[in-house]
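Read the structure below first, then the notes.
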Amino acid sequence: MTIQLETTSSPFSISFKQDNILLMTVRTSATPKANPRTDGLNVSADFPRFALRCELVADHWVLTTSPVEALAEVTVEIPGHWYGGGELIHQQFPLNKVMLHNAPFHTFDNGPTGLSGKLTPAWFSSNGAMVIVDSPVEVGINQPPADYLRFKWTFATDGRGEFADRPFLNNGHGDGLFTFKGNALDLKISFSENAVEAHKKLVEHFGHPSETPPEDLFTKPTWTTWARYKTAINQEVVLQYANDIIAHDYPFNVLEIDDRWQVYYGDLGFDPQRFPNPKAMIDELHAKGFKVTAWVIPFLDPQSQAFAEGAKNNWLVRMADGSPYLVEWWQGRGGLLDVTNPSALDWFFGRLTSLQSESGLDGFKFDAGEACFLPADAVTHQKINPNEYTQIYVDAVAKHHRLTEVRSGWKNQRAPIFFRQWDKTTSWGLDNGLHSVLTGILALGLAGYPFILPDMIGGNEYDEKADAEMMIRWTQLNALLPAMQFSLPPWEYGAESATLCRRYANLHTEFAPKIFELAKESTRTGAPIIRPVFWLDANNETALTCDDEFLLGDDILVAPVLFPQMRQRDIYLPPGMWRDYWTKQVFTGAAMLKEYPAPLDVLPFFEREG
């Protein structure tokens with residue numbers, strides 16, 4: 001591609017064009033001391049507080065500001081539809097549909113602007129323009145007007161803001177820009193033919209896994225205690241749960257023992273009151289055919305033995321006076337593992353290995369790890385930016401465990417493990433409900449993460465309750481995703497739920513060989529397993545904005561029902577010949593099938609012929 005640069009001085013801007021078509025404009029509100037210097041490919045300008053350089057390096061431009069102590073802000077205008085960035089709470093697709101306040105681009109648990117736990121500082125458009133930010137930065141996306149509420153980060157409901165407002169839905173009042181603010185900004189700017197080609201460049205930059213997670217994690221559903229039982233678990237409950245799964249003839253692989261199996265958080269031993277003989281329990285689960293994992297966090301209760309040992313050896317994040325920093329998390333306050341200290345990691349993973357030897361556990365579910373839990377004034381063994389806590393934590397998990405999952409991620413695209421979606425609400429919408437399972441997995445795939453574990457079918461039932469229709473439609477959506485995860489027992493929602501959810505759990509096992517082949521493809525190319533419809537139709541407006549269908553590879557198109565009481569839906573088919581899996585009827589794309597039948601027992605999906 002031949003790209004031309006055009007600059008203006010007041011206001012300062014750099015426009016990137018191809019054949020006189022605008023691809024991107026970079027601006028800053030500061031006024032340069034003199035006219036920008038340019039040779040047609042490189043631009044430099046000096047401002048009262050900072051200098052800006054935009055230089056062509058190989059096939060992309062590098063835009064930097066200096067000196068490091070000077071705060072700079074640039075805005076980027078990108079025509080077309082926007083993708084990338086990672087996981088949001090209110091997961092609209094594409095990103096033009098949201099308005100996100102400028103704020104530190106940190107991995108969050110339930111972030112106040114809508115940022116969630118798996119983020120990638122890269123965004124690209126349907127016209128192939130991409131920006132990758134390689135420096136700590138505050139980010140705004142299509143920012144709302146200044147009078148829009150700014151919510152605080154809190155585990156309390158009051159003041160946190162509704163899921164539907166984090167980020168806000170674009171009502172036409174957004175500024176239409178990406179805003180990047182920080183010290184020593186470092187932006188990589190590149191141009192490709194379209195969004196699919198831009199994603200390939202994203203993968204080149206961040207890398208991709210070279211191995212897959214264990215095949216059986218793709219093949220059969222994981223069952224976890226959390227949504228069904230919360231913390232009310234014990235040995236009898238876990239064994240009865242396993243028996244119920246078997247009695248209702250559901251496929252299974254891993255059974256996860258979630259919160260709370262230990263006396264004090266941070267200690268890695270089963271509570272002897274709740275679990276009088278964990279080894280015998282796990283042996284029995286193994287005999288039934290389950291693998292068994294337990295839930296682990298990097299937090300330590302001040303009353304735990306691990307806290308005392310960690311504090312004594314400086315293995316915990318500290319305050320300025322050297323004492324352990326007690327951070328707030330969703331189950332209270334506790335110490336935080338200092339992942340920057342290699343000795344602390346050896347201690348942490350060594351104790352997990354000992355627990356496996358003693359109990360027979362096959363692996364672990366690792367929770368938390370987000371940057372938001374590292375206080376700004378905390379002292380760590382090695383000085384890091386907050387997101388590096390996430391990166392180090394996840395890389396360490398991936399180094400030590402394969403039968404595992406994490407829920408946070410920062411530049412961890414090479415990790416050959418499953419990344420779990422953030423806790424879903426028991427609701428239907430894009431505001432962290434059923435629909436957001438689909439848009440979230442699309443967003444994470446486009447951010448470079450192919451191995452995504454959808455959150456539990458039916459959501460977490462915190463304040464709301466699922467019903468049979470929701471359980472059935474949620475299971476149908478999950479049936480052709482990379483992995484399935486149950487907690488709420490479908491048979492507790494009636495006979496129809498039990499029958500149809502079982503049918504679609506079995507459909508997942510039927511298509512598991514295809515899914516695993518795509519997982520292996522991801523290790524070769526970095527292509528997502530779950531792809532947006534535009535993957536096969538990169539210049540079609542309908543495909544570029546489609547948020548309710550997905551491709552499993554290039555040959556299966558899935559059109560789940562994502563709304564209650566819906567028994568028909570419109571389905572866009574990209575170019576090619578497509579055969580309905582159930583009726584065997586063949587349709588020619590590119591075309592829209594209007595009011596296509598979708599009764600409650602049917603997941604509409606199509607296989608491409610040829």
Side-chain angles (χ1 to χ4, degrees), residues 85-95 97-100 108-118 151 157 160-170 224 226-228 230 330 407 419-445 452-490 492-493 497 500-501 504 530 532 545-550 558-567 569 598 600 603:
E87 183 178 58
L88 300 176
I89 295 169
H90 185 198
Q91 190 81 66
Q92 294 283 338
F93 183 92
L95 282 175
K97 294 181 179 181
V98 304
M99 299 185 296
L100 187 141
F108 261 99
D109 175 19
N110 209 355
T113 65
L115 299 178
S116 195
K118 292 164 288 295
F151 304 111
T157 303
R160 190 171 62 189
E162 300 295 332
F163 288 137
D165 292 333
R166 293 185 287 129
F168 295 103
L169 183 66
N170 184 12
T224 179
W226 175 252
R228 173 60 181 85
K230 303 300 189 290
W330 62 93
R407 80 161 193 190
F419 290 78
R420 176 177 63 85
Q421 290 183 327
W422 190 68
D423 300 29
K424 292 300 177 186
T425 309
T426 301
S427 63
W428 288 87
L430 287 162
D431 52 340
N432 202 48
L434 168 58
H435 197 163
S436 74
V437 174
L438 171 51
T439 53
I441 207 166
L442 292 175
L444 287 167
I452 301 302
L453 174 64
D455 196 36
M456 292 165 276
I457 288 168
N460 283 263
E461 280 201 347
Y462 288 128
D463 300 313
E464 309 84 3
K465 296 296 180 182
D467 60 19
E469 182 184 19
M470 178 181 286
M471 290 297 295
I472 292 164
R473 293 305 197 189
W474 207 306
T475 306
Q476 288 173 348
L477 167 61
N478 275 250
L480 294 174
L481 295 181
M484 296 186 84
Q485 182 180 196
F486 284 103
S487 182
L488 302 174
E492 293 189 352
Y493 299 85
S497 172
L500 293 179
C501 291
Y504 284 97
I530 302 302
T545 58
C546 182
D547 71 351
D548 60 358
E549 302 176 24
F550 66 91
V558 187
V561 173
L562 303 170
F563 300 90
Q565 304 303 315
M566 180 180 280
R567 300 297 183 262
R569 58 155 297 168
L600 185 59
L603 166 67

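Because the structure is a prediction, the values reported are computed rather than measured. Excluded from the calculations below are hydrogen atoms, water molecules and symmetry mates; all remaining heavy atoms, backbone and side chain alike, are included.
To the nearest 0.5 Å, atom OH of residue Tyr504 and atom CG of residue Leu477 are 12.0 Å apart. Separating the CG atom in Leu115 from the CG atom in Asn110 is a distance of 11.0 Å, to the nearest 0.5 Å. Within the model, atoms CD of Gln565 and CZ of Arg567 stand 5.5 Å from one another, a figure rounded to the nearest 0.5 Å. For the atom pair CD1 (Ile452) and CG (Leu444), the distance works out to 4.5 Å, reported to the nearest 0.5 Å. The SG atom of Cys501 lies 8.0 Å from the CE atom of Met484; values are rounded to the nearest 0.5 Å. The CZ atom of Arg473 lies 14.5 Å from the CD1 atom of Ile457; values are rounded to the nearest 0.5 Å.
You'll find the side chain of Ile441 reaches within 4.5 Å of the side chain of Pro482, heavy atoms only. Annotation: side chain of Arg228 is in contact with side chain of Glu492 (closest heavy-atom distance under 4.5 Å). Contact check for Leu480 versus Phe550: side-chain heavy atoms found under the 4.5 Å cut-off. A heavy-atom distance below 4.5 Å is found between the side chains of Leu95 and Leu88. With a 4.5 Å cut-off on side-chain heavy atoms, Asp165 and Phe151 count as touching. No side-chain heavy atom of Pro560 sits under 4.5 Å from any side-chain heavy atom of Gln476. Within the 4.5 Å cutoff, the side chain of Leu438 has no heavy atoms near those of the Phe93 side chain.
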Next on the checklist: Pair Arg569, Glu549 - check side-chain contact (heavy atoms from CB on, under 4.5 Å), show working.
Outcome noted: CA-CA 11 Å; Arg569 58 155 297 168; Glu549 302 176 24; 3.4 Å; yes
Item to check | Chi angles and distances behind the side-chain contact (heavy atoms from CB on, under 4.5 Å) call for Arg407, Phe419 | outcome: CA-CA 5 Å; Arg407 80 161 193 190; Phe419 290 78; over 6 Å; no
Next on the checklist: If you apply the rule side-chain contact (heavy atoms from CB on, under 4.5 Å), what do you find for Thr224 with Phe486, and how did you get there?
Outcome noted: CA-CA 6 Å; Thr224 179; Phe486 284 103; over 6 Å; no
Checklist entry - Stepwise, does the side-chain contact (heavy atoms from CB on, under 4.5 Å) test hold for Thr113 with Phe108? => result CA-CA 10 Å; Thr113 65; Phe108 261 99; over 6 Å; no
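Residues forming a side-chain hydrogen bond (donor to acceptor under 3.5 Å, both in side chains) with Arg160 (at least two apart in sequence, or on another chain): none. With sequence neighbours excluded, the residues that form a side-chain contact (heavy atoms from CB on, under 4.5 Å) with Asn170 are Met99, Asn142. Tyr462 meets the side-chain contact (heavy atoms from CB on, under 4.5 Å) test with Trp226, Lys230, Asp423, Asn460; sequence neighbours excluded. Looking at residues two or more places apart in sequence or on another chain, you find a side-chain contact (heavy atoms from CB on, under 4.5 Å) between Glu464 and Thr425, Thr426. Looking at residues two or more places apart in sequence or on another chain, you find a side-chain contact (heavy atoms from CB on, under 4.5 Å) between Lys424 and Gln421, Asn432, Ser436, Val437, Asp455, Trp474.
For the pair Gly459 and Ala227, the tightest heavy-atom approach, listed with the atom from each and the gap, is O-CB, 3.7 Å. Across Pro490 and Ser497, no two heavy atoms sit closer than the pair O-OG, 2.9 Å. The minimum heavy-atom distance between Leu562 and Trp428, with the atom names listed, is O-CE3, 3.3 Å. Gly86 and Ala443 make their closest contact through O-CB, 3.6 Å (heavy atoms, listed as atom of the first residue, atom of the second, distance).
For the side-chain hydrogen bond (donor to acceptor under 3.5 Å, both in side chains) condition, no pair includes a residue of residues 477-490, sequence neighbours left out.
Ion pairing between a basic and an acidic side chain is recognised when a charged N comes within 4.0 Å of a carboxylate O; Asp431 and Arg166 show no such pairing. Taking a cutoff of 4.0 Å between a charged side-chain nitrogen and a carboxylate oxygen, Glu87 and Arg420 do not qualify as a salt bridge.
The six-membered or imidazole ring of Phe563 lies near that of His435, with a centre-to-centre distance under 6.0 Å.
No more than 12 heavy atoms of other residues, nucleotides or ligands shown are found within 6.0 angstrom of CD on Glu162.
Remark: the Thr439 side chain and the Gln91 side chain contain no N/O donor-acceptor pair separated by less than 3.5 Å.
No side-chain donor-acceptor contact under 3.5 Å links Lys97 to the backbone of Leu169.
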